[in-house]
> 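Please find one structure pasted underneath; my questions will follow.
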Amino acid sequence: MALTREEVEHVALLSRLEFGEGEIERFTEQLNSILEHFTALQEADTSQISATTHVVPMLNVLRDDEARPSCTPDEALQNAPERSDDFFKVPRVVE
Amino acid sequence: MGLHSAMPDLHTLTAHAAHELLVTKAISARELLDAVYARIDAVDERVHSYVLLMREQADAVSARVDAKIAAGESIGPLEGIPLALKDILCTQGIPTTCCSRVLEGFVPPYDATVVRRLDDAGVVTVGKTNMDEFAMGSSTENSAFGPSRNPWDLARVPGGSSGGSASAIGADEALIALGTDTGGSIRQPAAYCGVVGMKPTYGRVSRYGLIAFASSLDQIGPITKDVRDAALLMNAIGGPDPCDSTCYPEPAPDFTEKLGRDITGMKIGVPREFFSQEGVQVDPGVAEAVHAALRVLEAQGAIVEECSLPNVRFSLPIYYIIAPAEASSNLARYDGVEFGYRAPGTRDIVSMMTDTRDAGFGMEVKRRIMLGTYALSSGYYDAYYLKASQVRTLIRQDFERAFAQYDVLVTPTAPTVAFPLGAKVDDPMQMYLNDICTIPINMAGVPSISVPCGYDQGLPVGLQFITAHWDETTLLQAAYAYEQATGWSRRAIDEIERVTMAG
């Protein structure tokens with residue numbers, strides 16, 4: 001299933017990435033060459049096989065719900081490109 | 001060297017040799033650190049292992065160690081030992097970049113668990129090392145700071161993604177280092193630079209504060225000059241951590257426990273798929289070095305047999321589905337809102353995020369985000385991500401079957417020796433194929449280690465040992481037995497000297 005230029009543009013939008021004219025072409029070509037190698041997977045019979053999403057069978061680790069020190073607002077905001085009081089500031093989202 | 005005329009150059013020492021000299025007061029932690037910084041001053045302009053030096057902090061830690069020694073207190077095995085830290089591990093108050101523009105200006109508000117543990121062990125962190133952006137790459141050519149160089153030949157790559165940590169150890173710019181390994185990023189650069197690199201069992205070392213690439217594969221591990229140092233560094237960083245729910249809750253063993261034990265009767269399997277697969281052939285010189293190594297292991301009493309892991313041939317395609325899928329999700333957080341770089345002058349939120357990511361990420365990172373987003377997108381999820389996760393089960397089962405029969409598996413670490421800079425940057429698939437021997441191990445989550453096993457075309461070759469989940473002590477036992485029998489790890493210091501000091 002070869003990727004079309006339109007699909008690459010759609011995936012770029014989903015990924016919040018942007019590509020110039022020549023880049024889109026080059027990307028479509030490169031991604032298709034990579035996807036070609038994926039077709040080998042069709043040879044693997046997985047009809048009776050469950051998925052491995054995690055190699056070590058472990059359950060969630062839970063701790064008691066006790067209050068303990070955490071980041072202060074200033075620490076949490078120290079890396080913000082822009083802040084306003086105790087908030088991260090971004091361009092207007094709602095008109 | 002004046003008073004210490006019989007003393008080797010201090011920067012060339014292993015950690016355990018330096019420790020002996022520290023406890024007998026033959027040297028001070030200060031002298032050791034000065035020697036390492038002098039070495040960095042002399043060679044790093046050419047090798048480019050480091051992206052940040054931490055001289056002030058390092059001086060303070062080594063002074064504390066010297067004060068302890070002077071007061072007659074005992075010191076731990078890594079106390080006062082200079083270490084190079086991959087710049088993917090969060091250091092409180094010290095910039096952490098992942099060698100990406102998108103993390104420009106980011107100063108972590110907390111330490112990674114391993115960083116905290118190194119501090120507790122009195123290790124002296126010298127600086128932070130170069131890497132492929134977000135650990136995506138096999139050559140360090142994807143670093144926003146420019147590539148590192150191989151200390152054996154400056155026109156060649158050191159491997160990647162932990163290339164700076166491996167070149168730092170290869171060029172004696174630190175005694176020990178930490179790297180991270182998602183598909184071979186510790187072991188392949190270790191092989192290329194002629195040093196030791198170990199990826200522990202997934203879950204053995206806490207990932208808290210490790211900037212995520214592919215969360216089900218990432219693991220932190222040592223890059224060192226010999227196997228004993230790798231075991232000592234594992235002792236410092238391994239074990240349970242309440243901050244990482246994927247970290248194994250059982251206490252870690254003493255990783256030095258089996259070093260020096262006889263390997264008579266040890267059963268070693270040699271999976272043929274690691275030498276030859278459709279589309280990839282291990283270079284004859286590399287295969288020759290590995291076969292010679294197997295004869296050394298046999299001469300020590302190990303039983304060596306060929307075996308097969310048939311599903312390993314699917315490793316590369318499933319890696320390039322699973323890792324980008326996880327990465328596309330993990331890297332969604334770099335949107336210019338909470339930390340790092342934000343593109344200036346944008347009016348609405350979507351263009352702010354898009355412009356930030358466009359300027360902040362390099363080509364390989366964008367390629368993998370695209371690949372991963374596609375593999376997870378509606379209509380393709382079953383064909384790609386689900387299918388890959390099922391095939392991953394088959395690979396895991398192959399390893400389980402092999403370890404029911406063998407104590408250890410032995411393979412080449414990479415199909416070639418270090419390649420020239422620029423040789424593969426324009427062909428992503430050629431770059432990916434280089435990881436064919438290391439990726440299956442991350443897929444199964446088992447531990448493995450690369451140790452030097454000779455040369456091809458004058459460049460170091462890596463030998464990879466693999467054991468079952470949680471059996472790092474047998475892994476280290478086998479690697480140590482091989483290393484002690486051959487001495488490749490007592491490297492050609494003169495050759496490195498010739499290359500790295502040449503103007």
Side-chain angles (χ1 to χ4, degrees), chain A residues 1 3 7-8 10-20 23 26-27 30-31 33-56 58-63 71-72 74-83 88-95, chain B residues 105-107 109 201-203 216 242 245-249 311 313-314 316-318 320-321 328 335-342 346-350 352-355 357-358 361 366-367 369-371 373-374 377 383-384 386-394 396 428-429 432 443-445 469:
Chain A
M1 30 184 143
L3 263 170
E7 281 177 301
V8 172
H10 176 64
V11 174
L13 177 71
L14 291 177
S15 311
R16 297 285 182 270
L17 290 172
E18 218 167 32
F19 300 102
E23 272 185 331
R26 198 155 61 95
F27 243 76
Q30 282 181 347
L31 290 177
S33 126
I34 296 167
L35 290 177
E36 224 174 80
H37 286 261
F38 294 175
T39 54
L41 288 183
Q42 303 316 318
E43 294 166 34
D45 179 6
T46 51
S47 50
Q48 306 296 316
I49 303 294
S50 58
T52 294
T53 52
H54 198 77
V55 279
V56 180
M58 278 189 312
L59 297 172
N60 269 337
V61 180
L62 301 176
R63 66 171 168 84
C71 262
T72 63
D74 271 340
E75 283 168 346
L77 285 158
Q78 74 181 29
N79 282 292
E82 229 184 313
R83 69 180 277 190
F88 295 101
K89 192 175 174 191
V90 295
R92 180 184 294 274
V93 177
V94 190
E95 291 302 328
Chain B
F106 174 62
V107 179
T201 310
Y202 179 87
S216 80
S245 67
T246 63
C247 194
Y248 192 47
N311 293 297
R313 69 195 166 104
F314 299 121
L316 199 65
I318 74 166
Y320 282 99
I321 293 170
S328 70
D335 56 8
V337 174
E338 290 163 320
F339 45 76
Y341 173 78
R342 174 189 289 191
T346 50
R347 292 174 311 277
D348 68 282
I349 186 120
V350 173
M352 183 204 86
M353 290 180 179
T354 306
D355 290 356
R357 291 162 68 79
D358 184 45
F361 290 138
K366 289 178 184 172
R367 192 152 38 227
I369 291 174
M370 291 286 289
L371 203 51
T373 305
Y374 176 65
S377 66
Y384 290 120
L386 181 65
K387 180 76 181 181
S389 303
Q390 288 170 316
V391 177
R392 188 175 182 185
T393 305
L394 295 176
R396 194 166 51 86
M429 208 57 220
Y432 299 170
M443 284 298 145
H469 287 127

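Chain identifiers are assigned alphabetically (A, B, ...) following the order of the sequence lines, protein sequences preceding nucleic acid strands; residue numbering begins at 1 within each chain. Just so you know, these numbers come straight off a predicted model, no measurement behind them.
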> Give a yes or no on this: more than 12 heavy atoms of other residues, nucleotides or ligands lie within 6.0 Å of atom CD of A/E75.
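Yes, because the 6.0 Å sphere around CD of A/E75 holds more than 12 heavy atoms from other groups.
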> Shorter than 4.5 Å, heavy atoms on both sides: which option in B/G203, B/P242, B/A444 has the most such pairs with chain A?
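Among B/G203, B/P242, B/A444, the one with the most close pairs to chain A is B/A444.
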> Which atoms of B/N311 are under 4.5 Å from chain A, going by heavy atoms: the side chain, the backbone, both sets, or neither?
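The answer is neither part of B/N311.
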> Would you mind checking which part of B/M370 comes under 4.5 Å of any heavy atom in chain A, side chain (CB onward), backbone (N, CA, C, O), both or neither?
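When you check distances to chain A, atoms from both the backbone and side chain of B/M370 fall under 4.5 Å.
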> So which of B/V337, B/V391, B/V350 has the biggest tally of heavy-atom pairs under 4.5 Å with chain A?
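Top option by heavy-atom pairs under 4.5 Å: B/V337.
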> Do you know the tightest heavy-atom contact between B/R342 and A/K89?
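Distance-wise, the nearest heavy atoms are NH2-O, 2.6 Å.
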> Taking B/I318, B/T201, B/D355, B/I349 one by one, which has the highest count of heavy-atom pairs under 4.5 Å against chain A?
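So the answer, after comparing B/I318, B/T201, B/D355, B/I349, is B/I349.
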> Taking A/R63, A/Q30, A/E23 one by one, which has the highest count of heavy-atom pairs under 4.5 Å against chain B?
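Of the candidates given, the most pairs with chain B belong to A/Q30.
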> Output the distance between atom CD (A/E7) and atom OG (B/S377), rounded to the nearest 0.5 Å.
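Separation between the atoms: 8.0 Å.
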> Please confirm whether the backbone N or O of B/V107 pairs with a side-chain atom of A/Q78, one donor and one acceptor, at under 3.5 Å?
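Present.
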> Go through the atoms of A/R26 and report whether side chain, backbone, both or neither lie under 4.5 Å from a heavy atom of chain B.
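Just the side chain, heavy atoms under 4.5 Å.
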> To the nearest 0.5 Å, tell me how far B/M353 CE sits from A/R16 CZ.
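Result: 7.0 Å between the selected atoms.
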> Restricting to non-hydrogen atoms, name the atom on A/V56 and the atom on B/Y202 that form the minimum distance, rounded to 0.1 Å.
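Looks like CG2-O, 3.4 Å.
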> Working to the nearest 0.5 Å, report the span between OH of B/Y384 and CG of A/L41.
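So the gap between those two atoms works out to 9.5 Å.
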> To check you understand the geometry: which heavy-atom pair defines the closest contact between A/F19 and B/K366, and what is its length?
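It is CE2-CD, 3.8 Å.
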> Would you mind checking which part of B/P428 comes under 4.5 Å of any heavy atom in chain A, side chain (CB onward), backbone (N, CA, C, O), both or neither?
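For B/P428, side-chain heavy atoms alone lie under 4.5 Å from chain A.
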> In the structure I gave you, are the side-chain heavy atoms of B/S216 and A/T52 within less than 4.5 Å of one another anywhere?
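No, their side chains stay 4.5 Å or more apart.
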> In Å and rounded to the nearest 0.5 Å, what is the CD1 to CD1 distance from B/I321 to A/I34?
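It comes to 11.0 Å.
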> So do B/T373 and A/L17 actually touch side chain to side chain, heavy atoms under 4.5 Å?
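Sidechains of B/T373 and A/L17: no contact.
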> In terms of heavy-atom pairs under 4.5 Å, which option from B/R347, B/M429, B/M443 contacts chain A the most?
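Looking at each of B/R347, B/M429, B/M443 in turn, B/M429 comes out on top.
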> Donor-acceptor pair, distance only, cut-off 3.5 Å: does the side chain of B/Q390 make one with the backbone of A/I49?
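Yes, because the side chain of B/Q390 sits within donor-acceptor range (under 3.5 Å) of the backbone of A/I49.
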> So which part of A/F38 gets closer than 4.5 Å to some heavy atom of chain B, the side chain, the backbone, both or neither?
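A/F38 touches chain B through backbone and side-chain heavy atoms alike.
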> Of all of B/L371, B/D358, B/L316, which one pairs up most often with chain A through heavy atoms under 4.5 Å apart?
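Among B/L371, B/D358, B/L316, the one with the most close pairs to chain A is B/L371.
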> Would you mind checking which part of B/R367 comes under 4.5 Å of any heavy atom in chain A, side chain (CB onward), backbone (N, CA, C, O), both or neither?
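Interface part for B/R367: both.
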> Side chain, backbone, both or neither: which part of B/Y248 has a heavy atom under 4.5 Å from chain A?
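Answer is both: backbone and side chain atoms of B/Y248 are under 4.5 Å from chain A.
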> Under 3.5 Å, side chain of B/R392 to main-chain N/O of A/V55, donor-acceptor pair present?
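Not confirmed, B/R392 side chain does not pair with A/V55 backbone.
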> Could you tell me which of A/H10, A/R92, A/E82 has the largest number of non-hydrogen atom pairs under 4.5 Å with chain B?
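Max contact count across the listed options: A/E82.
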> For chain A, which candidate among B/S389, B/S245, B/G445 shows the most heavy-atom pairs at distances under 4.5 Å?
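Heavy-atom pairs under 4.5 Å are most numerous for B/S389.
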> Could you measure the distance from the NE2 atom of A/H54 to the OG1 atom of B/T246? Nearest 0.5 Å is fine.
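Separation between the atoms: 5.5 Å.
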> Tell me, side chain or backbone of B/T393 under 4.5 Å from chain A's heavy atoms, or both, or neither?
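Both backbone and side chain.
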> Identify which of A/A80, A/A40, A/S15 forms the greatest number of heavy-atom pairs closer than 4.5 Å to chain B.
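Counting heavy-atom pairs under 4.5 Å, the top option is A/S15.
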> Nearest 0.5 Å, please: how far is CZ in B/R313 from CD in A/E43?
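Answer rounded to 0.5 Å: 5.0 Å.
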> Please identify, among A/L77, A/V11, A/L31, the residue contributing the most non-hydrogen atom pairs under 4.5 Å to chain B.
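Going by pairs under 4.5 Å, I would pick A/V11.
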> Would you call B/Y374 and A/L3 a side-chain contact if the rule is heavy atoms closer than 4.5 Å?
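When only atoms from C-beta onward are counted, A/L3 and B/Y374 do touch, with a gap below 4.5 Å.
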> Locate the shortest heavy-atom distance separating A/P81 from B/F339; write the atom from each residue and the value.
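Closest heavy-atom pair between A/P81 and B/F339: CD-N, 3.9 Å.
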